[in-house]
**Student:** 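Before I ask anything, let me first share the structure, which is written out below as structure tokens.
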Amino acid sequence: MRRLFIIRKDLHLTAGKLAAMVGHCAEAYWMNKLKNSINWEHAKYDESTRYITIAVSENEMEKYVNDIFTKTICEAKNLNDLMKVVSKAEELGLKLGEDFGFIDDCCKTELTPEFVDENGVGRVRVGVWFKPLDDEISKSLSKKYQLYKG
């Protein structure tokens with residue numbers, strides 16, 4: 001299994017910005033899984049250990065969590081090229097917000113907004129993240145993209 005990230009090359013991200021964006025997405029996937037797994041009214045909270053139980057599929061646990069945390073970062077030429085992987089993902093039955101999502105930046109440092117979100121914040125669509133996927137699915141999504149080069 002692997003985590004796949006497709007990032008726009010035309011934005012000319014610095015190495016630090018690229019690392020931060022991918023780090024945010026990798027962390028956000030697990031934090032959203034934690035948040036969405038908990039029934040806060042009936043959370044299984046153990047006072048003695050202070051642990052909360054979360055739901056992780058057996059496949060994800062065995063092939064990703066208990067194995068190697070493989071991540072692949074590919075480059076898209078521009079926004080149009082990036083959106084092709086979204087279409088491909090949907091063709092494969094993957095769901096936006098669950099199996100993959102957009103990497104948007106709120107443009108506080110080095111990027112310029114390209115759109116305004118529902119909260120009135122200027123953003124730019126930097127890339128797309130994917131949940132841990134079987135290698136065959138990951139390869140079918142990334143085969144038209146090359147590895148990201150700085």
Side-chain angles (χ1 to χ4, degrees), residues 1-40 44 51-119 121-150:
M1 290 192 110
R2 74 181 58 240
R3 293 290 310 274
L4 175 63
F5 303 90
I6 310 234
I7 307 293
R8 287 173 53 187
K9 187 69 172 178
D10 65 319
L11 296 175
H12 306 288
L13 301 175
T14 62
K17 185 68 170 178
L18 174 65
M21 295 301 293
V22 172
H24 284 315
C25 292
E27 184 177 71
Y29 172 76
W30 293 106
M31 294 310 296
N32 282 331
K33 185 171 271 301
L34 171 66
K35 183 175 66 177
N36 295 333
S37 294
I38 297 172
N39 176 341
W40 290 102
K44 294 181 181 175
Y51 290 135
I52 296 174
T53 304
I54 67 168
V56 177
S57 73
E58 183 177 351
N59 185 44
E60 196 171 56
M61 187 70 179
E62 290 303 317
K63 293 184 176 179
Y64 188 75
V65 176
N66 287 340
D67 199 9
I68 298 169
F69 287 56
T70 303
K71 291 165 196 69
T72 302
I73 303 172
C74 295
E75 61 185 40
K77 294 174 190 162
N78 52 41
L79 182 58
N80 288 337
D81 193 32
L82 177 70
M83 296 309 289
K84 291 176 185 175
V85 78
V86 171
S87 297
K88 178 71 174 169
E90 290 171 339
E91 286 173 20
L92 293 172
L94 299 177
K95 295 181 179 137
L96 178 65
E98 185 178 323
D99 302 316
F100 70 97
F102 295 115
I103 305 169
D104 293 340
D105 186 63
C106 59
C107 305
K108 291 184 178 179
T109 56
E110 60 187 65
L111 297 175
T112 303
E114 293 180 337
F115 68 94
V116 176
D117 70 12
E118 64 278 356
N119 298 315
V121 177
R123 295 187 176 271
V124 62
R125 181 131 305 147
V126 175
V128 176
W129 61 264
F130 290 90
K131 72 177 189 175
L133 297 169
D134 287 323
D135 284 344
E136 307 82 54
I137 296 171
S138 182
K139 287 176 185 172
S140 72
L141 289 165
S142 65
K143 69 182 175 185
K144 294 188 178 186
Y145 300 92
Q146 61 181 312
L147 291 176
Y148 195 98
K149 297 177 190 146

**Student:** Distance from Leu92 atom CG to Phe100 atom CZ, nearest 0.5 Å?
**Tutor:**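 Those atoms lie 10.0 Å apart.
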
**Student:** Mind checking the CD1-NZ spacing from Ile6 to Lys88? Nearest 0.5 Å is all I need.
**Tutor:** 12.0 Å

**Student:** Hey, what do you get for NZ (Lys71) to CZ (Phe130), rounding to the nearest 0.5 Å?
**Tutor:**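 The distance works out to 16.0 Å.
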
**Student:** Looking at Cys74 and Leu4, what are the two nearest heavy atoms and their distance?
**Tutor:** SG-CD1, 4.1 Å

**Student:** What closest approach, in Å, do Arg8 and Glu114 show between heavy atoms, and which atom pair accounts for it?
**Tutor:**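 For Arg8 and Glu114, the tightest heavy-atom pair comes out as NH1-OE1, 2.8 Å.
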
**Student:** For Tyr145 and Val85, which heavy atoms make the closest approach, and how far apart are they?
**Tutor:**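 Answer, listing the atom of Tyr145 first, then Val85: OH-N, 3.2 Å.
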
**Student:** Flag the pair Leu111 / Leu13 as yes when at least one side-chain heavy-atom distance between them is below 4.5 Å, and no otherwise.
**Tutor:**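 Of all side-chain heavy-atom pairs linking Leu13 with Leu111, at least one is under 4.5 Å.
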
**Student:** In Å and rounded to the nearest 0.5 Å, what is the CZ to CG distance from Arg125 to Leu82?
**Tutor:**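 Reported value, rounded in 0.5 Å steps: 8.0 Å.
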
**Student:** Could you tell me whether the side chain of Asn119 and the main chain of Val121 form a donor-acceptor pair under 3.5 Å?
**Tutor:** no

**Student:** Looking at Arg2, Lys143, Arg3, which one forms a salt bridge (charged side-chain N to carboxylate O under 4.0 Å, His left out) with Asp135?
**Tutor:** Arg2

**Student:** If every non-hydrogen atom of Val86 is compared with every non-hydrogen atom of Phe102, which pair is closest and at what distance?
**Tutor:**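 In terms of heavy atoms, the two residues are closest at CG2-CE2, 3.7 Å.
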
**Student:** Please round to the nearest 0.5 Å and tell me the distance separating atom CE of Met1 and atom NZ of Lys131.
**Tutor:**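 Reported value, rounded in 0.5 Å steps: 7.0 Å.
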
**Student:** How about Phe5 and Thr72: do any of their side-chain heavy atoms sit closer than 4.5 Å?
**Tutor:**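 Counting from C-beta outward, Phe5 and Thr72 never come under 4.5 Å.
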
**Student:** Where do Asp81 and Asp10 land on the side-chain contact (heavy atoms from CB on, under 4.5 Å) test, with the steps shown first?
**Tutor:** CA-CA 10 Å; Asp81 193 32; Asp10 65 319; over 6 Å; no

**Student:** In Å and rounded to the nearest 0.5 Å, what is the CD1 to SG distance from Ile7 to Cys25?
**Tutor:** 6.5 Å

**Student:** Heavy atoms only: give me the nearest Gly122-Cys107 pair and the separation to one decimal.
**Tutor:**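 Closest pair (atom of Gly122, atom of Cys107, distance): O-SG, 4.1 Å.
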
**Student:** Of all the heavy-atom pairs spanning Thr109 and Lys17, show the shortest one and how long it is.
**Tutor:** OG1-NZ, 3.1 Å

**Student:** Any side-chain heavy-atom pair from Trp129 and Met21 closer than 4.5 angstrom?
**Tutor:** no

**Student:** Please test Asp104 against Arg123 for salt bridge (Lys or Arg N to Asp or Glu O under 4.0 Å), starting from the C-alpha separation and ending with a verdict.
**Tutor:** CA-CA 6 Å; Asp104 293 340; Arg123 295 187 176 271; 5.6 Å; no

**Student:** Taking the side chain as C-beta and beyond, is there a heavy-atom pair between Asp105 and Leu11 under 4.5 Å?
**Tutor:**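 SC-SC contact between Asp105 and Leu11 ruled out.
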
